[in-house]
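Below you'll find the structure, written out as structure tokens, and then a few comments.
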Number of protein chains: 2
Amino acid sequence: MSTKNKILDAAESLFADKGFNGTSLREITSLAEVNLAAVNYHFGSKKELIKAVMSRYMNELSPNLQASLLVICQQENKPTLNEVFSAFIDPLLSLNVFRENGTSNFLQLLGRGYTDSQGFLRWFLTTQYPEVITNFVTAVQRAYPELSAEDIFWRLHFTMGTVIFTMSSSDALMDIAKSDFEQQVDIADVIRKVIPFVASGVGAPLR
Amino acid sequence: MSTKNKILDAAESLFADKGFNGTSLREITSLAEVNLAAVNYHFGSKKELIKAVMSRYMNELSPNLQASLLVICQQENKPTLNEVFSAFIDPLLSLNVFRENGTSNFLQLLGRGYTDSQGFLRWFLTTQYPEVITNFVTAVQRAYPELSAEDIFWRLHFTMGTVIFTMSSSDALMDIAKSDFEQQVDIADVIRKVIPFVASGVGAPLR
DNA sequence: CGTTATTTTAAACGCTTGTTTAAACTGTCT
DNA sequence: AGACAGTTTAAACAAGCGTTTAAAATAACG
């Protein structure tokens, strides 16, 4: 495995665990078993490393998600919100074959990016991958045409909040669920639990 | 105003803005216009300062929230989930008279605490203020008795995610809403928008 | 007033951070 | 072999961090 990939892998899991600000380059390079200076040699700076970690996931996820949403948008009969949100399941879970713990790592990284570093990652995603959001909005509009653009805006952000926050702390939550309810839960289960929640939320009656 | 309170006020708004890890004692003391060493003199350490900032809010909010939930739990007819969640509105908004921008500051702090510093604030809240959670769960159970304890657990965490995440980025979201929809939105509006969302989410049909 | 306590202050502490430097090493091609 | 690009390395850099120190300033009290 190349130095570059060793760094990316180590950075990814540490970032997901402890956030971007909370992870030092020295932790990354020592987990990756490479020299400290290798990060700046291969990526230029810590910020560029963060972008590289996120891009690796977005480039894998984005086309799958696009295809999945396209099916929803082009099907003949009006989709339900449950169907729209279920379109995320397979693309997200397929990140697990792309990389070990890919799904939860990616969602945790997303969560970190929204709270760490004062929204620079939000800028990065919305400018670098705007079509994902566009298609998603279109799909929701087809499912619930009475929703105004403004309400869609707010409810989609509520949805992102639910998903991202849940996934940021999914490890802790799964541990609690395991000890309190003696039931094994994995990331796929959590996704299946959260979808009816957000679908109902977005579909809430107006006024 | 006492040095101690100057520090608390400055720390509060900086913590809300940039997170606990992202705010240095030097930023706090320079905004508060006090000496750097004053923090360690009055609070002992940065961690204790964080606790003090949160306690100031929890001690204000907790009794109001308890009273509000008690009304719901003791009323004769079964409450709706919308009523249960609406019980949060007044106690949360009353933080605004307690302190300028109190509502959004507090909710942002909550969000920070869940993602920064690997869950030490979660421990702090659940051990120091467990009765708030207990009463809330009871209220939800009255409104939707068919929900299993496990489903309540998950859906309440989804709810916390929605609210906390939304409030963590509420400033940015309100800015976007303002420029995209030319509509003034304040924190009370956001709360009124989020309640139907989470009420519907928690009330989602089973299976 | 003088004598304690309490609070504030400037300076320094040791440590970690991201980044840079310049030398050493590796493999490739003529 | 020699030369050259690419890569790795140890060491140092300046800057920022939370915390501690000891002296100066202020307040409280008999």
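Order of the sequence lines sets the chain letters (A, B, ...), proteins ahead of strands, with each chain counted from 1.
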Side-chain N or O of B:Thr3 less than 4.0 angstrom from OP1 or OP2 on C:dT8?
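Looking at the OP1 and OP2 atoms of C:dT8, one of them is under 4.0 Å from a side-chain N or O of B:Thr3.
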
Within the distance-only criterion (no hydrogens, no angle test), does the side chain of B:Asn105 pair as donor or acceptor with the backbone N or O of B:Ser13 below 3.5 angstrom?
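Side chain of B:Asn105 to backbone of B:Ser13: no pair is present.
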
For DNA chain D, which residues in residues 23-38 of chain A have a heavy atom at a distance below 4.0 Å?
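Going residue by residue through residues 23-38 of chain A, the ones with a heavy atom under 4.0 Å of DNA chain D turn out to be A:Arg26, A:Asn35, A:Ala37.
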
Spacing between [X] atom [atom1] and [N] atom [atom2], to the nearest angstrom:
X	N	atom1	atom2	answer
A:Phe43	C:dT19	CZ	C1'	16 Å
A:Lys46	C:dT16	NZ	C1'	12 Å
B:Ile50	D:dG18	CD1	C1'	12 Å
B:Lys4	C:dT7	NZ	P	9 Å
B:Asn40	D:dT21	CG	C1'	12 Å
B:Tyr41	D:dA24	OH	P	18 Å
B:Leu49	D:dC17	CG	P	15 Å
B:Phe20	D:dC17	CZ	P	17 Å

Quick one: which residue pairs count as a ring-ring contact (aromatic ring centres under 6.0 Å, His included) with a foot in residues 159-180 of chain B, not counting sequence neighbours?
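For residues 159-180 of chain B: A:Tyr114-B:Phe165.
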
State, to 0.1 Å, how close A:Leu110 and A:Ile164 come at their nearest heavy-atom pair, and which atoms those are.
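Closest pair (atom of A:Leu110, atom of A:Ile164, distance): C-CG2, 4.0 Å.
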
Between A:Phe197 and B:Phe158, what is the ring plane arrangement, given parallel below 30°, perpendicular above 60°, and tilted in between?
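It falls in the perpendicular class, over 60°.
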
Side chain of A:His42, heavy atoms from C-beta onward: which of D:dT8, D:dT20, C:dG18 has the nearest atom to it?
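The answer is D:dT8.
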
Contacts of type salt bridge (Lys or Arg N to Asp or Glu O under 4.0 Å), residue B:Arg192, not counting sequence neighbours:
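With neighbours one apart ignored, the set is B:Asp189.
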
Check: B:Phe136 ring centre within less than 6.0 Å of B:Phe85 ring centre:
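Ring centres of B:Phe85 and B:Phe136 closer than 6.0 Å.
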
